[in-house]
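Note that these values count all heavy atoms, side chains included, but never hydrogens, waters or copies made by symmetry.
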Amino acid sequence: MPDTHTHTHPAPPASRSLRLGVAGPVGTGKSSLIALVCRELAAELQLGVITNDIYTDEDARFLRSAGVLDPERIRAVETGACPHTAIRDDVTANLLAVEDLEEDFAPLDVVLVESGGDNLTATFSPALVDAQIFVLDVAGGGDVARKGGPGIGRADLLVVNKTDLAPYVGVDVPQMVADATAARDGRPVLALSRHDEASVEALKDWVRLMLAAHRAGAHVPQDPGPMAPHFHADEEHPAGGFVHTH
């Protein structure tokens, strides 16, 4: 994978789980992707999940109701603030939740940390996760991938999700994947549908490879770079919302 940054992050202890962040805009299927990973790999790996929402534990409740893991292995963080803050600026609440989960169910192989859905600028701090998946979906538009952004450009894996919906929304999936690959300078892009066995196998293989690299100390957490200013809707604001920077 191309890397133009100098990194000083120490390799994580080999005994610690791989902490895998999942980010992306609202509705792209982050929770469903995590459910898929858990459903497919729970018999093979020891897994845990941390979800993030501003004022609710809805994503955690969705995953528990899906029956993909022991409910105690799925824990919610209610950030009470901008979703970006809790995964990048002040990761304390998430880091404590991950460490508690690792202690309670040791040894865990992978802990998946789901970002609260926001927009294209959301990225995880490398102090919180070892690797990042950024999720787009075809229903969001075929042009989204080429618009770029830190998550699209530098996440360890970009997933173009819900490809089975492409005929219904008029999206050319190969073109969307080509645009994404160009925006990522050749970094991995996966066109995924939970109904497509080959793409599901590819996702599982990627998780296995990332876990192996983590255990070998061969993977260095990437910092996708600073987030761009982004808009937050607010019904009480005169302009309907405000632009926010970190």
Open item on the list: Determine whether Thr79 and Thr85 satisfy the following criterion, side-chain contact (heavy atoms from CB on, under 4.5 Å), listing intermediate values before the conclusion.
Closed with: CA-CA 8 Å; Thr79 64; Thr85 302; over 6 Å; no
- [ ] Apply side-chain contact (heavy atoms from CB on, under 4.5 Å) to Leu20 and Leu112, showing your working.
- [x] CA-CA 5 Å; Leu20 180 57; Leu112 297 112; 4.1 Å; yes
- [ ] Output, in order, the C-alpha distance, side-chain angles, deciding distance and verdict of side-chain contact (heavy atoms from CB on, under 4.5 Å) for Leu192 and Thr163.
- [x] CA-CA 6 Å; Leu192 176 69; Thr163 56; 5.7 Å; no
TODO: Just do the side-chain hydrogen bond (donor to acceptor under 3.5 Å, both in side chains) check on Arg154 and Gln132 with the steps written out, would you?
DONE: CA-CA 9 Å; Arg154 294 197 58 82; Gln132 309 189 32; over 6 Å; no
Open item on the list: As a quick check of understanding, evaluate side-chain contact (heavy atoms from CB on, under 4.5 Å) for Leu128 and Arg19, giving each step before the final call.
Closed with: CA-CA 7 Å; Leu128 176 59; Arg19 298 167 181 175; 5.9 Å; no
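In this structure, Phe124 and Val113 approach most closely via the heavy-atom pair CZ-O, 3.3 Å. Between Phe134 and Ala155, the shortest heavy-atom distance links the atoms CB-CB, 3.8 Å. A pairwise comparison of heavy atoms in Ala191 and Ser199 identifies O-CB, 3.3 Å as the closest pair. A pairwise comparison of heavy atoms in Asp53 and Asp57 identifies OD2-C, 4.2 Å as the closest pair. Shown here for Gly141 and Val171, the closest heavy-atom pair between the two residues is C-CG2, 4.4 Å. Ala42 and Leu69 get closest at one heavy-atom pair: CB-CD2, 4.0 Å.
Contact check for Arg73 versus Val49: no side-chain heavy atoms found under the 4.5 Å cut-off. In this structure, Pro188 and Asp156 have side chains that are not in contact, with every pair of non-hydrogen atoms separated by 4.5 Å or more. Using a 4.5 Å cut-off on side-chain heavy atoms (C-beta onward), Leu108 and Leu47 make no contact. In this structure, the side chains of Val173 and Val177 come closer than 4.5 Å at one or more pairs of heavy atoms. When side chains are defined from C-beta on, Val110 does not count as touching Ser17, because their heavy atoms never get closer than 4.5 Å. Looking at Leu41 and Val207, their side chains come closer than 4.5 Å, going by heavy atoms from C-beta outward. Val138 is listed as a side-chain neighbour of Met176, based on a closest heavy-atom distance under 4.5 Å. Leu136 has its side chain out of reach of Val159: every pair of non-hydrogen atoms, C-beta onward, lies at least 4.5 Å apart.
Inspection of the Ser193 and Asp164 side chains reveals an N or O donor paired with an N or O acceptor under 3.5 Å. Glu114 and Thr51 share no donor-acceptor pair across their side chains, judged by distance under 3.5 Å alone.
Of the possible donor and acceptor atoms, none in the side chain of Asp59 sits under 3.5 Å from a partner among the backbone N and O of Ser31. Checked by atom type and distance alone, the side chain of Arg61 never pairs as donor or acceptor with a backbone atom of Thr56 at under 3.5 Å. Arg187 places a side-chain N or O within 3.5 Å of a backbone atom of Gly153 that can act as its donor or acceptor partner. The backbone N or O of Pro25 sits less than 3.5 Å from a side-chain atom of Lys30, completing a donor-acceptor pair.
Of the inter-residue distances, the one linking Arg88 atom CZ with Ser115 atom OG reads 12.0 Å to the nearest 0.5 angstrom. In this structure, CG in Leu158 is found 8.0 Å from OG1 in Thr181, a value given to the nearest 0.5 Å. Separation of atoms CG (Leu203) and CZ (Arg194) is listed at 13.5 Å; rounding is to 0.5 Å. Note that the NE2 atom of His214 and the CG atom of Leu18 stand 5.5 Å from one another [nearest 0.5 Å]. To the nearest 0.5 Å, the span separating CG on Leu165 from CG on Asp137 amounts to 7.5 Å. Rounding to the nearest 0.5 Å gives a distance of 8.5 Å between CG of Leu63 and OG of Ser32.
Grouping the Ile, Leu, Val, Met, Phe, Trp and Tyr side chains by contacts below 4.5 angstrom, directly or via other members, places Leu45 apart from Leu209.
The number of heavy-atom neighbours closer than 6.0 Å to CZ of Arg64, taken from other residues, nucleotides and ligands shown, is above 12.
Taking the charged nitrogens against the carboxylate oxygens, Arg215 and Asp109 do have a contact shorter than 4.0 Å, which makes a salt bridge. Salt bridge status for Asp130 with Arg16: present, with a side-chain N to carboxylate O gap under 4.0 Å. A salt bridge is absent between Lys204 and Glu44: the closest approach of a Lys/Arg side-chain nitrogen to an acidic carboxylate oxygen does not fall below 4.0 angstrom.
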Side-chain polar contacts of residues 93-101 - donor-acceptor pairs under 3.5 angstrom, sequence neighbours left out - could you list them?
{"unit_1": "Asn94", "atom_1": "OD1", "unit_2": "Asn52", "atom_2": "ND2", "d": "2.7"}
{"unit_1": "Asn94", "atom_1": "ND2", "unit_2": "Asn52", "atom_2": "OD1", "d": "2.8"}
{"unit_1": "Asn94", "atom_1": "ND2", "unit_2": "Ala86", "atom_2": "O", "d": "2.8"}

